[in-house]
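Below is one structure, written out as structure tokens; the observations come after it.
What you are looking at is a predicted structure, and each value in this text was computed from that prediction instead of being measured. Residue numbers start from 1 in every chain, and the chains themselves are labelled A, B, ... in the order their sequence lines are given, proteins ahead of strands.
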Amino acid sequence: MSISTKYDPASIEDKWYNHWMENGFFKAEVNPDKEPYSIVIPPPNVTGVLHMGHMLNNTIQDILIRKARMEGKEACWVPGTDHASIATEAKVVAMLREKGIKKSDLSRDEFMKHAWEWKEKYGGIILEQLKKLGASCDWDRTAFTMDEGYYKAVIKVFVDLHKKGYIYRGLRMINWDTEAQTALSNEEVIYKEDGEKATLYSVRYQIKGTEEYVTIATVRPETILGDAAIAVNPKDKRYTHLIGKKAIVPFVNREIPIITDEHVELDFGTGCLKVTPAHDPNDYEIGQRHDLEVIDTINLDGTLNEACGIDKYVGLDRFKVRKLIVKDLEEAGHLVGTEDFITRIGRSERTNTVVEPKLSLQWFINMKDISRKAHAAVMEDDVLLFPSKFKNTYNHWMENVRDWCISRQLWWGQRIPAYFYGQGEDDYVVAETMEEALQLAREKSGKADLDVANLKQDEDVLDTWASSWLFPQAVFDGFNDDCFDKETGKIIKGKNPDLDYFYPTNTLVTAPEILFFWVARMIIAGYEYNGEKPFKNVYLTGIVRDKKRRKMSKSLGNSPDPLDLIKQYGADGVRTGMLFSSPAGNDLLFDEKLVEQGRNFSNKIWNAFRLVTGWEVKDIPQPEENKLAIEWFESRLNQSIAELEDHFGKFRMSDALMTVYKLVWNDFCSWYLEWIKPEYQQPIDQVTLDKTIALFEQLMKVLHPFMPFITEELWHGVKERSNDPIITSAWPQAGSFDKSILVSADLLFEITTNLRNLRNSKGLSPKENLELLVKTKNESAIKAISASIQKLANVSSVSFAQAKPDNCSSFVLGGDEYFIPLNLEIDVEAEKQKLEEELKYAKGFLMSVEKKLSNEKFVSGAPAQVVENEKKKKADAEAKIKAIEESLRSL
RNA sequence: GGGUUCUUAGCUCAGUUGGUUCAGAGCACCUCGUUUACACCGAGGGGGUCGGGGGUUCGAAUCCCUCAGGACCCACCA
């Protein structure tokens with residue numbers, strides 16, 4: 001045999017991927033004769049690189065799409081990338097900085113030119129990497145969320161939602177990233193799990209006209225200069241006498257009122273809260289309730305401004321000022337004390353800077369009404385979440401849905417199509433183009449002489465999610481002018497064949513982290529624009545962690561390079577490795593050993609192939625036992641396929657793989673092949689070989705979605721079939737199976753195992769021939785499998801006996817006794833002990849069964865079937881006990 | 001603080017409506033084996049009483065209560 005004993009993935013993976021590509025097997029188009037099956041990829045960041053999370057996620061998608069393709073569906077997997085405005089802009093800014101270019105020195109157009117250049121250069125690397133994994137995406141459909149059509153779709157939706165009254169502009173306290181200088185949505189603010197160390201400062205404020213002081217506690221003393229009030233709880237008796245009086249802000253000597261508000265907690269700090277409406281969300285709300293002045297003392301870049309009233313702080317960073325002011329307060333005698341304090345500081349997901357609450361004019365989508373159908377869709381199982389536990393989370397979020405801040409103070413993204421023609425807050429119009437805007441502006445302002453020069457487009461761009469939430473429609477060009485009706489704000493059916501055919505998509509595979517960021521919003525957009533869900537199933541993968549349960553991250557250095565892994569273990573090995581340990585909805589504890597197991601599995605398959613294709617065929621009769629082996633494996637295969645379908649139906653991918661894994665390794669390799677394998681260097685009969693190859697082909701098919709490369713290679717290895725690749729072959733259907741054959745084979749396997757065990761314990765070589773004598777009431781059952789017993793257990797003869805011959809070892813199965821004559825000294829004591837242990841167990845078991853059966857309440861209360869089963873158990877146990885006792889007696 | 005959820009062999013997990021020996025799987029582990037597809041292998045084996053306690057029931061890993069310990073989501077105390 002000249003083929004290597006090791007499977008070498010590197011030598012074939014590119015070959016087959018190119019073959020699939022060249023033949024257009026990944027392409028999907030409208031085909032009325034076929035049922036569509038579509039998946040849209042969760043678009044990775046355009047400048048991102050492949051990490052383990054992508055590997056898991058895309059492996060699952062590829063499995064689903066390949067299976068659907070084999071099932072004869074028009075399988076369409078749309079790939080794409082996301083422009084990821086903050087992340088990408090940050091990268092571009094950093095790149096420019098390295099070149100010595102400041103963003104602030106560039107015009108918007110110049111910056112965008114750099115950004116596009118960057119995108120062209122680095123964008124899409126991640127998609128190339130996905131090809132190495134075997135991803136069978138329809139690459140001709142590759143989408144980008146800033147493509148021209150996509151860009152227009154986003155703008156159309158903004159205009160439409162504004163028209164429908166869902167979009168509004170408002171002054172709100174938002175999360176401000178002082179480094180990226182943009183607003184962030186709540187979801188983009190990260191709080192460290194255990195909080196962060198901070199210092200809680202106690203500062204005293206003098207009460208006007210007295211020598212009395214109130215002491216407040218704060219972690220942000222730099223905001224003192226923006227204080228507008230001191231608040232106490234109305235129930236707090238300690239301060240009742242101060243209510244209505246004025247306190248004096250240190251240094252600036254502003255007089256601020258002492259007010260009461262329920263928000264203040266009695267037992268925190270001193271019970272006095274300084275209220276800084278400009279720099280704290282809660283304080284802002286208190287300010288609203290009490291009509292307090294908003295004194296904004298912090299600039300967009302995090303430095304203090306003139307409003308703080310102290311010249312020496314102006315222009316300094318908030319954290320520097322904090323240090324300075326603490327020192328100043330101390331010197332002035334206002335600092336009463338400090339203590340260490342653990343608090344939860346919000347940081348920007350993208351830049352990691354401490355988020356500054358900031359009042360600012362931003363654009364929002366009012367979520368309450370627009371999300372109603374999307375909420376119901378999940379609750380009523382129109383959209384299914386896997387695992388379903390996320391239904392609760394989804395429900396909770398949707399019930400408390402908050403308005404979505406969609407403006408970002410960046411350049412890289414879809415620019416908000418709002419055009420201002422005056423200084424007033426309301427002096428703007430929203431339109432797709434400058435021309436339309438001009439017309440609208442003339443109408444709204446009543447100034448017919450307005451021209452383009454008088455219009456100023458909003459500088460901000462939209463949140464990235466405000467583009468990716470349209471992904472399922474936009475990738476099929478669902479907002480083009482033909483099918484998107486601007487009057488009704490709906491996508492009309494019958495105008496876009498692609499969309500009509502592939503939408504709604506079937507399954508979305510993504511991470512739970514973006515259930516609200518993305519999934520919920522896509523569902524909202526689906527109902528808003530198509531009046532229909534964007535996908536039927538949502539499979540939520542776990543997070544890939546290392547074996548210590550730490551999240552994989554660059555800084556920890558615990559994340560392997562996926563491409564290295566593929567090089568080392570093969571794409572199929574990596575795919576199966578990832579899947580071995582990813583139960584639905586649970587985190588994947590990644591361990592390279594899993595990938596090793598995947599590689600080993602590839603090798604096992606490879607060697608089964610070598611065996612099956614290595615025999616010489618001769619015109620000889622088919623051995624009796626081979627017929628049984630084939631019948632048995634056919635039944636096992638059908639049983640396994642049924643099980644596999646069940647797992648797939650429930651999105652239990654790990655279990656699905658495990659079913660196939662065990663079928664191949666245990667049933668096919670360990671039992672079937674040993675069963676039919678000819679003696680060394682002996683030929684095989686034609687019938688068995690043909691059947692075996694056919695069975696092997698079936699195995700390759702069920703393996704193909706999991707392991708596309710090796711299965712394609714071996715599919716072509718067993719037969720010349722240039723125009724008939726496995727990727728488009730027909731998925732096997734689960735046929736019926738003969739239960740009696742499975743039962744019969746189980747007995748065969750049990751006998752074989754017992755005999756192997758005997759050899760093991762007696763130190764007998766597997767090569768040594770043994771004889772088997774059976775005492776049974778059902779000789780025909782043994783006769784049916786005796787040839788197979790001889791083959792599998794290396795037994796020279798199987799015959800029947802009425803009593804135990806001398807010098808035998810024995811075992812008991814069911815009510816039957818099996819004797820193996822040995823030319824050895826039998827250790828009678830050991831045999832006895834073994835049998836007595838079995839007897840003890842059997843008797844104990846019988847007792848528990850009898851106890852149940854003698855319980856009248858059980859017999860009358862339990863269903864007839866259950867009682868019947870107990871009776872059978874009793875009879876079986878009795879037969880077994882009898883056989884063991886006989887064995888013991890004859891020792 | 002509000003909510004959701006989990007705790008089954010050394011590890012990662014199955015265990016559908018309580019009842020077929022339901023206590024399972026894969027990996028790991030131990031013993032033996034250089035057998036003629038594969039040592040990236042083969043054969044065999046030992047491990048848990050289902051987080052603790054209480055209850056319902058003829059019967060509970062499976063239902064209820066309680067305690068302990070995780071995880072996640074939301075909100076957030078200056």
Side-chain angles (χ1 to χ4, degrees), chain A residues 1 3 5-7 186 191 200 216-220 223 231 263-265 267-270 272-276 280-283 341 343-344 346 389-397 399-400 402 512 515-516 547 549 569 573 580-583 586-589 591 593-594 596-615 650 652 654-655 657-658 661-662 669-670 673-674 677 679-682 752-753 756-761 763 765-767 794 841 845 848-849 851-852 855-863 865-870 872-873 876-877:
Chain A
M1 201 171 286
I3 321 170
T5 60
K6 303 263 189 291
Y7 166 60
N186 292 328
Y191 296 90
L200 186 64
I216 55 90
T218 179
V219 290
R220 301 202 59 194
T223 64
H263 170 77
V264 184
E265 298 205 8
D267 50 4
F268 187 92
T270 58
C272 292
L273 173 70
K274 74 187 216 36
V275 183
T276 320
D280 182 279
N282 289 307
D283 290 10
F341 186 67
T343 186
R344 291 170 56 98
K389 65 177 178 186
F390 285 108
K391 224 170 128 171
N392 288 325
T393 316
Y394 184 90
N395 184 41
H396 190 247
W397 193 76
E399 274 179 351
N400 301 292
R402 298 163 82 187
L515 185 58
F516 309 127
K547 51 186 167 180
R549 284 199 182 271
Y569 299 100
F580 276 131
S581 176
S582 354
N586 279 8
D587 288 352
L588 163 68
L589 269 44
D591 184 341
K593 283 215 148 163
L594 292 166
E596 216 175 287
Q597 192 187 341
R599 189 261 327 256
N600 294 353
F601 186 37
S602 307
N603 206 49
K604 186 72 186 177
I605 298 165
W606 177 256
N607 278 293
F609 164 76
R610 287 177 60 230
L611 178 66
V612 167
T613 53
W615 288 312
K650 294 169 183 159
R652 305 177 70 138
S654 255
D655 294 332
L657 171 62
M658 196 45 71
Y661 180 82
K662 286 194 284 189
C669 294
S670 295
L673 288 179
E674 294 301 323
K677 189 160 86 176
E679 296 285 313
Y680 181 49
Q681 290 188 331
Q682 294 302 303
T752 306
T753 301
R756 284 172 178 167
N757 193 4
L758 179 75
R759 288 178 199 274
N760 242 326
S761 61
S765 158
K767 287 176 184 166
N794 193 22
Y841 177 84
F845 179 70
S848 75
V849 174
K851 199 175 146 198
K852 262 191 219 175
N855 183 333
E856 228 172 273
K857 282 183 179 172
F858 170 73
V859 179
S860 58
Q865 184 60 43
V866 174
V867 177
E868 207 46 49
N869 282 329
E870 289 301 312
K872 186 172 178 301
K873 272 154 73 175
D876 288 350

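The listed nucleotides are B:rG15, B:rA78, B:rA75; the one nearest the side chain of A:Arg652 is B:rG15. Comparing B:rA75, B:rC40, B:rU12 by their closest approach to the side chain of A:Arg549 singles out B:rU12. In this structure, of B:rC77, B:rG44, B:rC41, it is B:rG44 that holds the atom nearest to the side chain of A:Asn757. Relative to the side chain of A:Leu611, the nucleotides B:rA39, B:rA37, B:rC74 differ in distance, and B:rA37 lies closest. Here the side chain of A:Asn603 is nearest to one of B:rA75, B:rC40, B:rC73, namely B:rC40. Taking every side-chain heavy atom of A:Asn869 into account, B:rU20 is the closest of B:rU20, B:rA78, B:rA37. Comparing atom distances between the A:Lys767 side chain and each of B:rU35, B:rG42, B:rC77 picks out B:rU35 as nearest. In this structure, the nucleotide among B:rC74, B:rC58, B:rA37 sitting nearest to the side chain of A:Leu673 is B:rA37.
Using C1' as the reference atom, B:rG2 and B:rG15 are 32 Å apart when rounded to the nearest Å. Spacing between B:rU34 and B:rA39 at atom P, rounded to whole Å, works out to 14 Å. When the P atom is used for both B:rG24 and B:rC29, the distance is 23 Å, rounded to whole Å. B:rC73 sits 32 Å from B:rC27 when the C1' atoms are compared, rounded to a whole Å. Comparing the P positions of B:rU66 and B:rA71 gives a spacing of 22 Å, expressed to the nearest Å. Across the C1' atoms, B:rG19 and B:rC76 are found 49 Å apart, a figure rounded to whole Å. Distance noted for atom P between B:rU49 and B:rU62: 15 Å (whole Å). Nucleotides B:rG54 and B:rG45 have their P atoms positioned 37 Å apart, rounded to a whole Å.
One can place CE of A:Met658 at 10 Å from C1' of B:rU12, the figure rounded to the nearest angstrom. If you measure from atom CG of A:Asp587 to atom C1' of B:rC11, you get 15 Å, rounded to the nearest angstrom. Residue A:Phe268 contributes atom CZ, which lies 10 Å from atom P of B:rC77 at whole-angstrom precision. Following rounding to the nearest Å, A:Lys391 (NZ) and B:rC73 (P) show an atom-to-atom distance of 21 Å. The CD-P distance, from A:Glu679 to B:rA37, rounds to 11 Å in whole Å. Between A:Leu657 atom CG and B:rC27 atom C1' the separation is 13 Å, expressed in whole Å. Atom CG of A:Asn282 and atom P of B:rA78 are 9 Å apart (whole Å). In this structure, CD of A:Gln682 is placed 15 Å from C1' of B:rU35, rounded to the nearest angstrom.
Side chains of A:Tyr7 and A:Arg599 form no contact here, defined as non-hydrogen atoms less than 4.5 Å apart. Using a 4.5 Å cut-off on side-chain heavy atoms (C-beta onward), A:Leu594 and A:Leu589 make no contact.
Between A:Ser670 and B:rA43 there is a side-chain polar atom (N or O) within less than 4.0 angstrom of OP1 or OP2. Between A:Tyr394 and B:rC73 there is no side-chain N or O to OP1 or OP2 distance below 4.0 Å. Distances shown here put every side-chain N or O of A:Arg756 at or beyond 4.0 Å from the OP1 or OP2 atom of B:rU31. Under 4.0 angstrom from either OP1 or OP2 of B:rA28 there lies no side-chain N or O belonging to A:Lys593. Regarding contacts with the backbone of B:rG44, a side-chain N or O of A:Thr753 is found under 4.0 angstrom from either OP1 or OP2. Regarding contacts with the backbone of B:rC41, a side-chain N or O of A:Asn600 is found under 4.0 angstrom from either OP1 or OP2. For A:Arg759, no side-chain nitrogen or oxygen approaches OP1 or OP2 of B:rG33 to under 4.0 Å.
Using the Watson-Crick or G-U wobble rule with both distances under 3.5 Å, B:rC50 pairs with nothing in any strand shown. Taking a pair to require two hydrogen-bonding distances under 3.5 Å in either a Watson-Crick or a G-U wobble arrangement, B:rC41 pairs with B:rG33. Under the Watson-Crick or G-U wobble criterion, with both distances below 3.5 Å, B:rG1 is paired with B:rC74. In this structure, B:rA68 forms a base pair with B:rU7, meeting either the Watson-Crick or the G-U wobble geometry with both donor-acceptor distances under 3.5 Å.
The residue A:Tyr661 sits close only to the backbone: its heavy atoms come under 4.0 Å of sugar-phosphate atoms, none of a base. Residue contacts for A:Val275: at a heavy-atom cut-off of 4.0 Å it reaches no nucleic acid atom on any strand shown. Using a 4.0 Å heavy-atom criterion, one finds that A:Leu273 contacts the bases of the nucleic acid, with or without backbone contacts as well. Nucleic acid contact for A:Asn400: none, since no nucleic acid atom lies under 4.0 Å from a heavy atom of the residue. Within the nucleic acid shown, A:Lys662 comes within 4.0 Å of sugar-phosphate atoms alone, with no base atom in reach, counting heavy atoms only.
Applying the 90° cutoff around 0 to the glycosidic angle, B:rG46 is assigned anti.
Evaluation of atom-type donor-acceptor distances gives no pair under 3.5 Å for the side chain of A:Arg610 against the base of B:rC38.
Between A:Gln597 and A:Glu674, the one whose closest nucleotide on RNA chain B sits nearer the 5' end is A:Gln597. Between A:Lys857 and A:Cys669, the residue anchored nearer the 5' end of RNA chain B, judged by the nucleotide with its closest heavy atom, is A:Cys669.
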Inset, instruction - Could you walk me through whether A:Leu273 and A:Phe268 pass the side-chain contact (heavy atoms from CB on, under 4.5 Å) test, one step at a time? - result: CA-CA 9 Å; A:Leu273 173 70; A:Phe268 187 92; over 6 Å; no
Inset, instruction - Apply side-chain contact (heavy atoms from CB on, under 4.5 Å) to the pair A:Lys274 and A:Thr223, showing each step before the final yes or no. - result: CA-CA 9 Å; A:Lys274 74 187 216 36; A:Thr223 64; 2.7 Å; yes
Inset, instruction - For A:Arg220 and A:Asp280, run side-chain contact (heavy atoms from CB on, under 4.5 Å): C-alpha distance rounded to whole Å, both residues' side-chain angles, the deciding distance at 0.1 Å, then the answer. - result: CA-CA 10 Å; A:Arg220 301 202 59 194; A:Asp280 182 279; over 6 Å; no
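Within a 6.0 Å radius of NZ in A:Lys391, other residues, nucleotides and ligands contribute more than 12 heavy atoms. Environment of CD in A:Glu399: crowded, with over 12 heavy atoms of neighbouring residues, nucleotides or ligands closer than 6.0 Å.
A:Lys593 has no carboxylate O lying under 4.0 Å from a charged side-chain N of A:Glu596, or vice versa, which leaves the two without a salt bridge.
Aromatic pair A:Phe580/A:Tyr661: centroids less than 6.0 angstrom apart.
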